[in-house]
Amino acid sequence: MIWPPLTLSLQVTVVATMCLFVVGLILALALARCQFPGRMLVETLVNLPLVLPPSVIGYYLLLALGRGSPLAEWFGVNLLFTWWAAAIASAVVGLPLMVQAARAAIANVDVTLENAARTLGSTELEVLWRVTLPLARRGILAGLILGSARALGEFGATLMVAGNIPGRTQTLPMANQMVLLMTGLGFLGLWWARRLERAGPTRVAGEPPPPTPPFTGGALAPPAWRVNRGN
Amino acid sequence: MDAARLRVEIEKRLASFKMQIRLEIGPEILVLFGPSGAGKTQTLNAIAGLMTPDAGEITLDGVAFFRRDRAGPAINLPARKRSVGYVFQSYALFPHLTALENVTYALWRQPEARQRGSALLERMHLAHLSHHYPHQLSGGQQQRVAIARALAADPRVLLLDEPFSALDLAMRERLQADLRLLQTELNLVVVYVTHSLDDAFALGDRLAVIREGQVEQVGPIEAVFRQPASDKVLEILGIPNVFCAQVVDITPTGLQLDWDGLRLEAPPQSAAVGHMVRAYIRPEDIKILYPDRPLMSPVRHNQVVGRIVSRRLNSNFQTLDVSLSNGHQVEVSFPTYAYTPLSLQSGGEITLSLRKEGLMLLQASPVTGQ
């Protein structure tokens, strides 16, 4: 039966994506804009899931979520072999992709623009909300899509922490007849992320306006929702 | 007197030198002039609150923006609370906002933001472009949006960092005029950083010459040019023709100088007979004499024969290097259209007059009544 694994996959991916967005954005901001001791360490740790075999990630997650972990002992929360564990495992493997792309996009926003906002009376939070994030939105979105696509396809670590219980934790990658559907979803995600990246980082102030007389509606076109507003 | 007064007295250790800036600025345009990397932009950043000095004090009308010294509590007002308008060198317009949205950025959540923004854009002759994005605007237009944006929140102080450096001449002149008008209209304290002397002359009430983080000289712009305080200032202002001469005589009408065998007459300045002094003459103050025309009084003095070594042409002036009879070389410059009847080729012989009024001694204050 196709539906239980599909809906479960969606559920897991949506939760994983939300985790990715919040945690990934905070990490990306910290790595791109703050100097703090242990910065390299954090960066390396975030990237570790890229190189570790899924079984090793799964092992660590078992330690973190399973019996004897602070979560289980102090709060009495047992997530192992539930779909929450699958969501967490998916988020962890998707995190490096999200953080890398978002960090690059945020670092690419000209600090002068943020300084200009400060001289115009903005608090740090307003600077973030009104300048940094809007300018980095393409990269953040691309990272989120890549991360979610990776989360959707997560198998190894998920198997270890959530098992393969049909109807409870059996997600798409584990229902092995779903090869075509998975490939299609993965392809779409990667293609979309690539498109966003090709559209390029938002132009940085200080560079002269690009010598592009024809307005192709491509890279530099303002988003449609801004242009089409009836002014 | 309720005119705004900005006092800056800061110290900051930088990679290559120690910055020590002291300035007092009233409602005027003060030009910070100096080579790149001299600490001009850092000074603006310190005033705006984007850079924290190691020590010192910045006050506007007695209200401290920044204070840090041995005694007393430290004050460091964040940039957003200083009400300082800053026009960045790169314009720094928000690329995701239209011209109008850029201008109204500081008026967020204020009901009258739209009208105020539109009025400002109109004031800068940009009303028709208010819904364009920065990349759809020319350099000059972006510049004016940046000025309008900086003025939106009614700052008392306006800082400009080489804003006109990337613009063509006609646009520069228009913006210079606009800025002068704005300054008097709004009674602003304006600090303008540039390394263009044209900008400095067109805009500045006063000039501060900055070098390696130190203020070498401050004063009315004409005065700084007439009386540079030191060799360094001369060098920064790009004035050539500095030489050593001996004072041989002092008369009520002026000084007699001996420059390695060349007798020169200079206007009255404080000096002592027999002393070696450093003197200079600006290239514009050396005139070429027509051999067949009667001499007018301003060029009667200090006639020298020389040979043209080289000739450089520019769009609106030309410069000759002339080697004089005493073996030294001077630079002569004049508008391109001048002296067209003369053939001024390399190797040709010409007669020069070093205008007496232009011959100035360094570190000498002019005698009163001059």
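Note that the coordinates shown come from a computational prediction; the quantities given were computed from them, not determined experimentally. So you know, we letter chains A, B, ... as the sequences are listed, proteins then strands, and number each from 1.
Atom-to-atom distance recorded for B/W108:CH2 and A/S122:OG is 7.5 Å, nearest 0.5 angstrom. In this structure, CG on B/L97 lies 10.0 Å from CG on A/L113, to the nearest 0.5 angstrom. Interatomic distance, A/R130 CZ to B/E101 CD, rounded to the nearest 0.5 Å: 10.0 Å.
The neighbour count for A/F21 CZ, taken as heavy atoms of other residues, nucleotides or ligands under 6.0 Å away, does not exceed 12. Heavy-atom contacts from other residues, nucleotides or ligands closer than 6.0 Å to CZ of B/R123 number more than 12. Heavy-atom contacts from other residues, nucleotides or ligands closer than 6.0 Å to OH of A/Y60 number 12 or fewer. By the neighbour-count criterion of 12 heavy atoms within 6.0 Å, atom CZ of B/R174 is sparsely surrounded, having that number or fewer from other residues, nucleotides or ligands. Within 6.0 Å of the CD atom in B/E122, the count of heavy atoms belonging to other residues, nucleotides or ligands does not exceed 12.
Annotation: residues 35-42 of chain A contacts chain B through no residue [non-hydrogen atoms, separation under 4.5 Å].
With a 4.5 Å cut-off on non-hydrogen atoms, B/F88 touches chain A through its side chain but not through its backbone.
Judged by distance alone, with hydrogens and angles left aside, the side-chain atoms of B/R80 form no donor-acceptor pair with the main-chain N or O of A/E124 at under 3.5 Å.
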Identify each donor-acceptor pair in which a side-chain atom of residues 92-104 of chain A lies under 3.5 Å from a protein atom, sequence neighbours left out, and give them as a table.
| residue | atom | partner | partner atom | Å |
| --- | --- | --- | --- | --- |
| A/Q100 | NE2 | A/N47 | OD1 | 2.9 |
| A/R103 | NH1 | A/E43 | OE2 | 2.4 |

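The two residues A/R118 and B/L50 have their closest heavy-atom pair at CB-CD2, 4.5 Å.
Of the candidates A/T119, A/T112, A/N115, A/L120, A/T119 is the only one forming a side chain to side chain contact (heavy atoms under 4.5 Å, CB included) with B/Y86.
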